[in-house]
Amino acid sequence: MNDRFLRALGRQPVDRTPVWIMRQAGRYLPEYRATRARAGSFVNLCKTPELACEVTLQPLARYPLDAAILFSDILTIPDAMGLGLSVEEGSGPRLAKPVRTRGAIEKLGVPDAETDLRYVMDAVRLIRRELHGKVPLIGFAGSPWTLACYMIEGEGSSSFARPKALALDDAATMHKLLDIVARSVAAYLAAQAAAGAQALMVFDTWGGLLAPDMFREFSLRYLAQIAQSLQIHNVARHVPLILFSKGANSHLEALADSGCAALGLDWTIALGDARMRVGNRVALQGNLDPAVLHASPDAIRGEVKRALDSFGPHPGHVFNLGHGITPDVDPEKLGVLIEAVHELSAR
């Protein structure tokens, strides 16, 4: 197996820097768009293990990537809690039954990963089988704060004012929600590890919207709770955990102390600066601005070199974008990036 990715997460020497791309199975690929059209809807694509497997493997057929990531969505957990997920093209995800009162929150239960979310576990098992050990498989979930944002708001938002207001007005109720979501996320990730995921990632997409004190209380606390829960699980404790809290660069040291193996970084911090701050505590993943993929091949290669030089000749770097690849990217440009990472990082 190409284990470059897992070796880098363990801060072990590698022959070249491993690379995978957030949302590598996505709308920028014509083959993905064809499969999604066949599925009839995004939710159906997620909930049909054979189709989820098909789109997970599509980018690996096209590019020499060093990891596969399960094709799914962060809102599978709220959906399994009965909140009713739908995703409309162009308008993003919606939950039909947002929770905005203590009464509604008290009715929520932790979904059973092997029954309520069986389709995800079946997809993980199928993808592992179809990969034939070629590259490792990453499983993932949304962070408690990020999931709570959607569960309260019911849809995407630029400010997520409702969840912030609930946290300020009734912290006890917000903590009740975050605790049940954190326990759900930990159980869900542990089940993915048991089903065959070889690395796990938590996407704290909206953590960076919080002021520093609120971040520590309502996001970081629950990321650490998940990391600690996974560390005592008989399978998941052997599986590296990556935490990606977008926009939370001021908290890198605390995130590095949470019990994770690696931190994902957005593009607003230099890799070298981040490495200086966290030392050898964790590996780092990232962090090219996705917009670079709209530039010329020469510019893409130049930015890849800048990122690799910034991290330096140290173990513990996984190359990635600083956020997901956007649907309007030319697939050829991603090929340029992946080739440049492997070529320019060769030891």
Side-chain angles (χ1 to χ4, degrees), residues 73-85 93 95 97-113 116-117 139-157 159-192 200-233 236 241-248 250-251 254-255 257-260 263-264:
D73 191 79
I74 63 168
L75 297 180
T76 51
I77 288 175
D79 187 53
M81 289 175 165
L83 303 194
L85 172 64
L95 294 171
K97 302 173 188 171
V99 291
R100 294 174 182 165
T101 64
R102 188 172 185 90
I105 288 164
E106 284 174 342
K107 288 177 184 166
L108 298 172
V110 174
D112 183 283
D116 303 321
L117 288 157
F140 73 91
S143 73
W145 169 255
T146 293
L147 295 185
C149 281
Y150 286 107
M151 291 168 74
I152 294 166
E153 203 76 45
E155 59 187 345
S157 164
S159 63
F160 285 105
R162 273 197 187 97
K164 285 185 185 179
L166 179 64
L168 293 166
D169 289 335
D170 188 354
T173 293
M174 179 54 97
H175 282 302
K176 190 167 188 66
L177 175 59
L178 290 168
D179 176 66
I180 196 164
V181 176
R183 286 186 286 120
S184 301
V185 169
Y188 181 57
L189 289 173
Q192 288 183 44
L200 299 167
M201 184 159 171
V202 176
F203 288 90
D204 187 31
T205 311
W206 302 120
L209 294 179
L210 290 167
D213 287 349
M214 288 186 74
F215 179 84
R216 284 188 287 273
E217 183 177 354
F218 297 108
S219 182
L220 177 63
R221 170 175 165 178
Y222 294 97
L223 294 172
Q225 180 178 320
I226 290 163
Q228 286 150 24
S229 176
L230 293 174
Q231 282 172 352
I232 58 171
H233 185 268
L241 175 66
I242 307 163
L243 297 182
F244 176 48
S245 193
K246 187 171 181 288
S250 59
H251 301 280
L255 285 162
D257 288 335
S258 67
C260 63
L263 293 180

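From a predicted model like this one, the values you see are computed outputs, not experimental measurements.
- F215 places none of its side-chain heavy atoms less than 4.5 Å from the side chain of W145.
- Taking D73 as the reference, nothing meets the salt bridge (Lys or Arg N to Asp or Glu O under 4.0 Å) condition, with sequence neighbours excluded.
- Between I226 atom CD1 and L241 atom CG the span is 8.0 Å, to the nearest 0.5 Å.
- Here the shortest heavy-atom pairing between C260 and L243 reads CB-CG, 3.8 Å.
- For residues 182-191, every residue pair satisfying the salt bridge (Lys or Arg N to Asp or Glu O under 4.0 Å) rule, not counting sequence neighbours, is listed here: D179-R183.
- The shortest heavy-atom contact between A227 and G259 is CB-C, 4.0 Å.
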Tell me which donor-acceptor pairs under 3.5 Å the side chains of residues 100-111 have, and how far apart each pair is, sequence neighbours excluded?
residue: R100; atom: NE; partner: I152; partner atom: O; Å: 2.7
residue: R100; atom: NH2; partner: I152; partner atom: O; Å: 3.4
residue: R100; atom: NH2; partner: E153; partner atom: O; Å: 2.9
residue: T101; atom: OG1; partner: A104; partner atom: N; Å: 3.1
residue: R102; atom: NE; partner: E106; partner atom: OE2; Å: 3.1
residue: R102; atom: NH1; partner: T173; partner atom: OG1; Å: 2.8

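- At distances below 3.5 Å, at least one donor-acceptor pair connects side-chain atoms of S143 with backbone N or O atoms of T146.
- Interatomic distance, CG of L209 versus OG of S157, reported as 8.0 Å (0.5 Å rounding).
- Rounded to the nearest 0.5 Å, atoms CD1 (I74) and CZ (F203) are 8.5 Å apart.
- Between the S229 side chain and the Q225 main chain, no donor and acceptor come within less than 3.5 Å of each other.
- Across F140 and Y188, no two heavy atoms sit closer than the pair O-CE2, 3.6 Å.
- For the pair E155 (side chain) and L95 (backbone), a donor-acceptor distance under 3.5 Å is absent.
- Heavy atoms only, all atoms of each residue included: V181 and P144 are closest at CG1-CA, 3.6 Å.
- When the side-chain contact (heavy atoms from CB on, under 4.5 Å) test is applied to D257, the partners found at least two apart in sequence or on another chain are R281.
- The minimum heavy-atom distance linking A187 with A113 is given by the pair O-CB, 4.3 Å.
- Residue pairs meeting the salt bridge (Lys or Arg N to Asp or Glu O under 4.0 Å) criterion with at least one partner in residues 211-223, sequence neighbours excluded, are D213-R216.
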Steps toward side chain to side chain contact (heavy atoms under 4.5 Å, CB included) verdict (H251, S245): CA-CA 9 Å; H251 301 280; S245 193; over 6 Å; no

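- Side chain of Q192 to main chain of L200: no donor-acceptor pair is present (N/O by atom type, distance under 3.5 Å, no hydrogens or angles).
- Residues P98 and L83 form no side-chain contact, since every pair of their non-hydrogen atoms from C-beta on lies 4.5 Å or further apart.
- By the 4.5 Å heavy-atom criterion applied to side chains, L223 and D204 are counted as neighbours.
- A distance of 7.5 Å separates CZ of F218 from CG of L178, quoted to the nearest 0.5 Å.
- Rounded to the nearest 0.5 Å, atoms CG (L166) and CZ (F160) are 14.0 Å apart.
- With hydrogens and angles ignored, the 3.5 Å screen pairs no side-chain donor or acceptor of K97 with any backbone N or O of M151.
- Between L189 and V185, some side-chain heavy-atom pair lies under the 4.5 Å cut-off.
- K246 is linked by a side-chain contact (heavy atoms from CB on, under 4.5 Å) to F244, D266, W267, H323, counting only residues two or more places apart in sequence or in another chain.
- Taking 4.5 Å as the limit, some side-chain heavy atom of P93 sits within range of a side-chain heavy atom of L85.
- The distance from atom CG of L255 to atom OG of S219, rounded to the nearest 0.5 Å, is 7.5 Å.
- Residues L147 and L75 have side chains in contact (heavy-atom distance under 4.5 Å, counting atoms from C-beta outward).
- Nearest heavy-atom pair across K164 and S159 is CE-O, 3.6 Å.
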